[in-house]
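First up is the structure itself, then whatever we jot down about it.
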Amino acid sequence: MSELDAYREAVARRREAIMERVDAALARSGRKAGSVKVMAVSKTVDVPQVVAAIDAGYRFFGENRPQELVRKLEGLSVLAGEDGCVAGADARDLRFDMIGNLQTNKINAVLGRAACIHSISSLHLAEAVSSRAARRVEAGELAGPQPVLIEVNVSGEASKSGFAPDDLRNAFSQLAQLPGIRITGLMTMAPRGDARCAHETFAGLRDLRDELAASYPSVDLAELSCGMSEDFEAAIEEGSTLIRLGRVAFNPSFALA
Ligand SMILES: *Cc1c(COP(=O)(O)O)cnc(C)c1O
């Protein structure tokens with residue numbers, strides 16, 4: 001068996017173990033089966049590993065650098081032959097999101113490629129994405145406003161980007177009026193390696209969402225993007241609708257806690 005075949009099997013086995021954990025976390029928090037999306041964060045792997053993940057059943061991927069997002073999409077479109085399929089999946093069913101810091105000079109590379117941008121971390125960035133997307137919509141190059149999530153620094157760690165909760169409360173009415181973006185929810189990251197703190201962070205994101213949803217009933221804030229390899233079960237228990245799994249999905253030797 002080739003190394004890649006062995007990897008493919010390992011990723012498929014790992015996916016089954018992850019999905020069991022996901023289902024169990026949903027069940028114990030009284031949530032509906034299938035009510036959380038599972039993103040495979042492919043930022044550290046190459047196109048063949050993404051193909052292995054598609055073969056294992058993943059359809060939803062995340063990248064944190066615009067160049068990598070473009071490279072993965074181009075690699076997959078080359079592989080999708082005349083029938084438009086990669087590893088048995090219709091390439092049109094594959095979704096890639098942008099989850100990392102976005103510089104304004106890279107916005108155009110991401111528009112129309114990322115189904116959703118998770119990392120809108122300031123009003124300035126939101127305005128820049130909105131104006132470029134609105135221009136592309138006007139030119140007929142983009143079907144509609146760019147779906148985005150607003151990144152929130154719930155835990156207050158200095159190293160994390162995102163709106164401080166109070167800054168988001170103050171900026172939200174301006175954000176909601178930007179014509180080139182469509183806000184679909186909030187995103188956060190918990191501090192590493194502290195389970196109790198992870199629960200507090202995710203609960204804080206949910207509470208902030210509930211508060212904003214009550215104040216701005218016309219904005220759909222259904223998506224809560226939170227939970228990574230080390231804390232996805234805690235995130236599901238606190239209401240996450242989208243978990244972003246990197247190492248646990250792609251590194252078969254990463255311990256599934
Ligand atoms: C890398 C990354 C992830 C996945 O991290 P793991 O801990 O490897 O699961 C999730 N979200 C963002 C924004 C990332 O940059």
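As the structure is a prediction and not an experimental result, all values here were calculated from the model. Order of appearance sets the numbers: ligands from 1, and atoms from 1 within every ligand.
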Exercise. Specify whether Y58 and F250 have parallel, tilted or perpendicular ring planes, treating 30° as the upper limit for parallel and 60° as the lower limit for perpendicular.
Key: parallel

Quiz item: Taking N or O atoms only and a 3.5 Å limit, does V248 qualify as a polar contact for ligand 1?
Solution: no

Quiz item: For E16, does the CD atom have more than 12 heavy-atom neighbours from other residues, nucleotides or ligands under 6.0 Å away?
Solution: no

Quiz prompt | Ion pair check, R71 and E74, cut-off under 4.0 Å | solution = no

Quiz item: What protein heavy atom sits nearest atom 6 (P) of ligand 1, and how far away is it?
Solution: S229 OG, 3.4 Å

Practice problem: Starting from atom 7 (O) of ligand 1, locate the nearest protein heavy atom and write down its residue, its atom name and how far away it is, to 0.1 Å. | Solution: R247 NH2, 2.8 Å

Quiz item: Is it true that D167 and R169 have a side-chain N and a carboxylate O under 4.0 angstrom from each other?
Solution: no

Exercise. Can you pull out the closest protein heavy atom to atom 10 (C) of ligand 1? Residue, atom name and distance to 0.1 Å, please.
Key: M228 SD, 3.4 Å

Exercise. Check whether any heavy atom of M98 sits under 4.0 Å from an atom of ligand 1.
Key: no

Quiz item: Considering only heavy atoms, which of R244, K43, R192 lies nearest to atom 11 (N) of ligand 1?
Solution: R244

Exercise. Mark the output for M189 as yes if a heavy-atom distance to ligand 1 is under 4.0 Å, and as no if none is.
Key: yes

Quiz item: When you measure from atom 13 (C) of ligand 1 to every protein heavy atom, which one gives the shortest distance, and what is it?
Solution: I99 O, 3.5 Å

Quiz item: Are any of the N or O atoms of N64 closer than 3.5 Å to those of ligand 1?
Solution: no

Practice problem: Decide, yes or no, whether a salt bridge links E238 with R206 under the criterion of side-chain N to carboxylate O below 4.0 Å. | Solution: yes

Exercise. Indicate yes or no for a side-chain donor-acceptor contact from S240 to the backbone of L242 under 3.5 Å, with no hydrogens or angles considered.
Key: yes

Practice problem: Report yes if the side chains of S155 and K160 come closer than 4.5 Å at any heavy-atom pair, otherwise no. | Solution: yes

Quiz item: For ligand 1, is there an N or O atom under 3.5 Å from any N or O atom of E230?
Solution: no

Quiz item: Numbering the atoms of ligand 1 from 1, which are under 4.0 Å from a heavy atom of L245?
Solution: 9 (O)

Exercise. Kindly confirm or rule out a cation-pi arrangement of R113 over F96, judged by NZ or CZ under 6.0 Å from the six-membered ring centre and within 45° of its axis?
Key: no

